[in-house]
Amino acid sequence: MEEELQELAVALYDIEAVKFGEFTLQNGWKTPIYIDLRVIISYPKLLTKLSKTLWKLAKDTKNISHICGVPYTALPIATIISVESNIPMLMKRKESKSYGTKKLIEGKFEPGDKCVIIEDVIVIGSSVLETVSDLRNSGLKISEVFVVVDREQGGRKNLENNNIQVRSLFTISQLMKYLLNAGKITQQIVEEMTDYIAKNKDQ
């Protein structure tokens, strides 16, 4: 799988899903790296490859009843995994409909069904926790989240404290290693990122 991850890291960099510069995250934190996986919908083959590789992290799929992607970036990834694995998908709305059934969770399920979460990037894990809360309140059992990139800034710890196991394709550190090996970034960038992670780890 190491070779697959190397190829995926390079492909994500080449489509500018991985950017270096000065950015501000959703929670207001400053960062020298930005992971923007929204662009991947314009690259169907890469989207499919990424989704299939992410799902290889699943250990026991027999007991998984449903898949749910965190809105919105993870939805295409979750959809492909659902289709390829033939496991039903659920969708969590950003907010309940004010008309009709007023559902917050779309899809057919029964209380007690096991659902796994798909997410693109975790920083502190707040988006995942919000999705998990709504699914659990609907009677679903949630114990795992599959993440493309873990930014190593407290998300894994926060999720594990809520009894959610995190399975990630990349951490920021691993992503840097692959890009350096491929000659996409310099050692200086790696050192700057290593320093950034050390100062901002598990905030």
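This one's a predicted model, so the numbers in the text were calculated from it and none came from an experiment.
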Is it the case that the side chain of [X] and the backbone of [Y] share a donor-acceptor pair, with hydrogens and angles ignored and the cut-off at 3.5 Å?
X      : Y      : value
Ser51  : Leu47  : yes
Asn162 : Leu159 : no
Arg136 : Lys141 : no

What is the minimum heavy-atom distance between [X] and [Y], and which atoms define it?
X      : Y      : answer
Pro88  : Ser65  : CD-O, 3.3 Å
Lys103 : Glu106 : CD-OE1, 3.7 Å
Ile15  : Ile40  : CD1-CA, 4.3 Å
Ile164 : Glu144 : CG2-C, 4.0 Å
Phe20  : Ile185 : CE1-CG2, 3.7 Å
Ile33  : Thr31  : O-OG1, 2.8 Å

Are [X] and [Y] connected, step by step, through hydrophobic side chains (Ile, Leu, Val, Met, Phe, Trp, Tyr) whose heavy atoms are closer than 4.5 Å?
X      : Y      : result
Val148 : Tyr72  : no
Val10  : Met176 : no
Met91  : Leu135 : no
Val190 : Met193 : yes
Leu75  : Val149 : no

Does the pair Leu90 and Phe109 meet the rule for a side-chain contact (heavy atoms from CB on, under 4.5 Å), with working shown?
-> CA-CA 8 Å; Leu90 299 175; Phe109 62 90; 3.8 Å; yes
[Y] side chain reached by [X] side chain, heavy atoms, under 4.5 Å:
X      : Y      : result
Lys52  : Glu84  : yes
Leu140 : His66  : yes
Ile142 : Asn163 : no
Glu110 : Asp113 : yes
Val121 : Thr73  : no
Ile67  : Trp55  : yes
Trp29  : Asn200 : no

If you draw a 6.0 Å radius around CD in Gln26, do more than 12 non-hydrogen atoms from other residues or ligands fall strictly inside?
-> no
Look at atom CG of Asn86 and say whether more than 12 heavy atoms of other residues, nucleotides or ligands are closer to it than 6.0 Å.
-> no
Starting from the C-alpha separation in whole Å, work towards a yes-or-no answer on side-chain contact (heavy atoms from CB on, under 4.5 Å) for Met1 and Lys56.
-> CA-CA 9 Å; Met1 195 169 181; Lys56 287 181 180 180; 4.1 Å; yes
Identify the residue among Val116, Leu54, Ile87 that makes a side chain to side chain contact (heavy atoms under 4.5 Å, CB included) with Ile81.
-> Leu54
Are [X] and [Y] ion-paired here, with the side-chain N under 4.0 Å from a carboxylate O?
X      : Y      : answer
Asp36  : Arg38  : yes
Glu22  : Lys30  : no
Glu119 : Arg167 : no
Asp14  : Lys184 : yes

What's the spacing between [X] [atom1] and [Y] [atom2] if we round to 0.5 Å?
X      : Y      : atom1 : atom2 : answer
Ile77  : Leu37  : CD1   : CG    : 6.0 Å
Ile189 : Thr186 : CD1   : OG1   : 4.0 Å
Ile105 : Thr131 : CD1   : OG1   : 8.0 Å
Leu12  : Leu175 : CG    : CG    : 7.5 Å
Ile122 : Asp150 : CD1   : CG    : 4.0 Å
Lys177 : Leu5   : NZ    : CG    : 8.5 Å

Ignoring hydrogens and geometry beyond distance, is a side-chain donor-acceptor pair present between [X] and [Y] at under 3.5 Å?
X      : Y      : answer
Tyr196 : Gln153 : yes
Glu7   : Tyr178 : no
Thr171 : Arg156 : no
Asn137 : Asp134 : no

Under the side-chain contact (heavy atoms from CB on, under 4.5 Å) criterion, do Ile118 and Val147 qualify, and how do the steps go?
-> CA-CA 6 Å; Ile118 307 297; Val147 182; over 6 Å; no
Show the numbers, then the answer: is there a salt bridge (charged side-chain N to carboxylate O under 4.0 Å, His left out) between Lys49 and Glu4?
-> CA-CA 9 Å; Lys49 182 177 180 180; Glu4 271 186 283; over 6 Å; no
Going through the distances and angles, do Lys92 and Glu130 end up as a salt bridge (charged side-chain N to carboxylate O under 4.0 Å, His left out)?
-> CA-CA 10 Å; Lys92 184 192 104 57; Glu130 181 182 330; 3.8 Å; yes
Glu192 and Gln188: CA distance, side-chain angles, deciding distance, side-chain hydrogen bond (donor to acceptor under 3.5 Å, both in side chains) verdict | CA-CA 6 Å; Glu192 289 173 355; Gln188 181 181 348; 3.1 Å; yes
Might you work through the side-chain hydrogen bond (donor to acceptor under 3.5 Å, both in side chains) test for Asp60 and Asn63, ending with a clear yes or no?
-> CA-CA 7 Å; Asp60 181 15; Asn63 294 319; 2.8 Å; yes
Kindly indicate, with the supporting measurements, whether the criterion side-chain hydrogen bond (donor to acceptor under 3.5 Å, both in side chains) is fulfilled by Glu152 and Ser173.
-> CA-CA 8 Å; Glu152 301 176 83; Ser173 300; 2.9 Å; yes
